[in-house]
Amino acid sequence: MRRPTGVPALAVLCSGQGTNLQALLEATRTGRLRARVAVVISDRAASNALARATRAGIEAHFVDPKAYPSRGEFEQVLLTLCAAHRVRAVCLAGFMRLLSPVFVRPYAGRLLNIHPALLPAFPGAHAIRDALAWGAKVTGVTVHLVDEEVDHGPILLQELVRIAPGETEASLLKKLHRVEHRLYPQALRQVLAGRVRLTGRVARLTGA
Ligand code: GRF
């Protein structure tokens, strides 16, 4: 297969449905994002993201964390896959695993995550449920750089989503996904263009 040259390669790490992966694929396909998804990696064999990648003709790997004696060795496998594809930036898209410095350091500033809340509110795996249970009237989406703590690194973009009276987890998820699928390619574009300036933990997007 012929590969386009000069287009930055991406790795997308997923554990679940892969709708954000799909949005990134779509953005690269339509040219809204000048990049190509070179490899998709999942820590769950049943992840629908792997099926989506395969359907799109993209190399997809299930890397089983249980097959490695330590987190570091598991992450070393991820690093090797990324290196093999000369990956410029890594997107976590519903990847339900905390990465250690073994993976985070080599990709510092080029490792992104998307979270379905306005961080630092509602970090963790149940952000949508937590926002509803708290009675929040607004929530939103955050795209941030990844550091070694959960949902913690410098914020790149955020967008607010209103919580309507009677909102359910399913209806809110739908609203958040619509925003996520637009915001992730947008944030990634800024990172790939080198438009992120960091002062401490504060990120400024120079071309946004
Ligand atoms: C998204 O809501 C994202 O914000 C969170 O995990 C979910 C992944 O969804 N980190 P999908 O697998 O991309 O559909």
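Both ligands and their constituent atoms are indexed starting at 1 by order of listing. From a predicted model like this one, the values you see are computed outputs, not experimental measurements. What's counted below: heavy atoms across the whole structure, side chains too, no hydrogens, waters or symmetry copies.
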Go through the steps for S100 and E75 under the test side-chain hydrogen bond (donor to acceptor under 3.5 Å, both in side chains), then give the verdict. CA-CA 8 Å; S100 81; E75 291 178 13; 2.6 Å; yes
Between E73 and S70, is any side-chain donor less than 3.5 angstrom from a side-chain acceptor? yes
E59 side chain to H85 side chain, donor-acceptor N/O pair below 3.5 angstrom: yes
So if you build clusters from Ile, Leu, Val, Met, Phe, Trp, Tyr with side-chain heavy-atom gaps below 4.5 Å, do Y184 and V40 land together? yes
Is there a polar contact, in the sense of an N or O pair closer than 3.5 Å, between [X] and ligand 1?
X    : result
L173 : no
L21  : no
N113 : no

Does P116 have a heavy atom less than 4.0 Å from any atom of ligand 1? yes
Does ligand 1 have an atom that lies less than 4.0 angstrom from a heavy atom of H177? yes
Please state which protein non-hydrogen atom is closest to [atom] and give its distance, to 0.1 Å?
atom                    : result
atom 6 (O) of ligand 1  : G94 CA, 3.4 Å
atom 2 (O) of ligand 1  : E180 OE2, 3.0 Å
atom 14 (O) of ligand 1 : T19 OG1, 2.6 Å
atom 12 (O) of ligand 1 : G18 N, 2.7 Å
atom 10 (N) of ligand 1 : I114 O, 2.8 Å

Identify which one of L81, D43, L13 satisfies the side-chain contact (heavy atoms from CB on, under 4.5 Å) criterion when paired with V63. L81
Among K175, R178, E167, the one residue meeting side-chain contact (heavy atoms from CB on, under 4.5 Å) with V161: K175
Contacts of L98 meeting side chain to side chain contact (heavy atoms under 4.5 Å, CB included) (sequence neighbours excluded), chain-then-number -> R71, V150
cation_pi(R97, F74) dist<6.0 Å, angle<=45: yes
Check ligand 1 against H115 and write out every atom of the ligand that is under 4.0 Å from a heavy-atom position of the residue. 4 (O)
For Q17, the ligand 1 atoms with a heavy-atom partner under 4.0 Å come out as 12 (O), 14 (O)
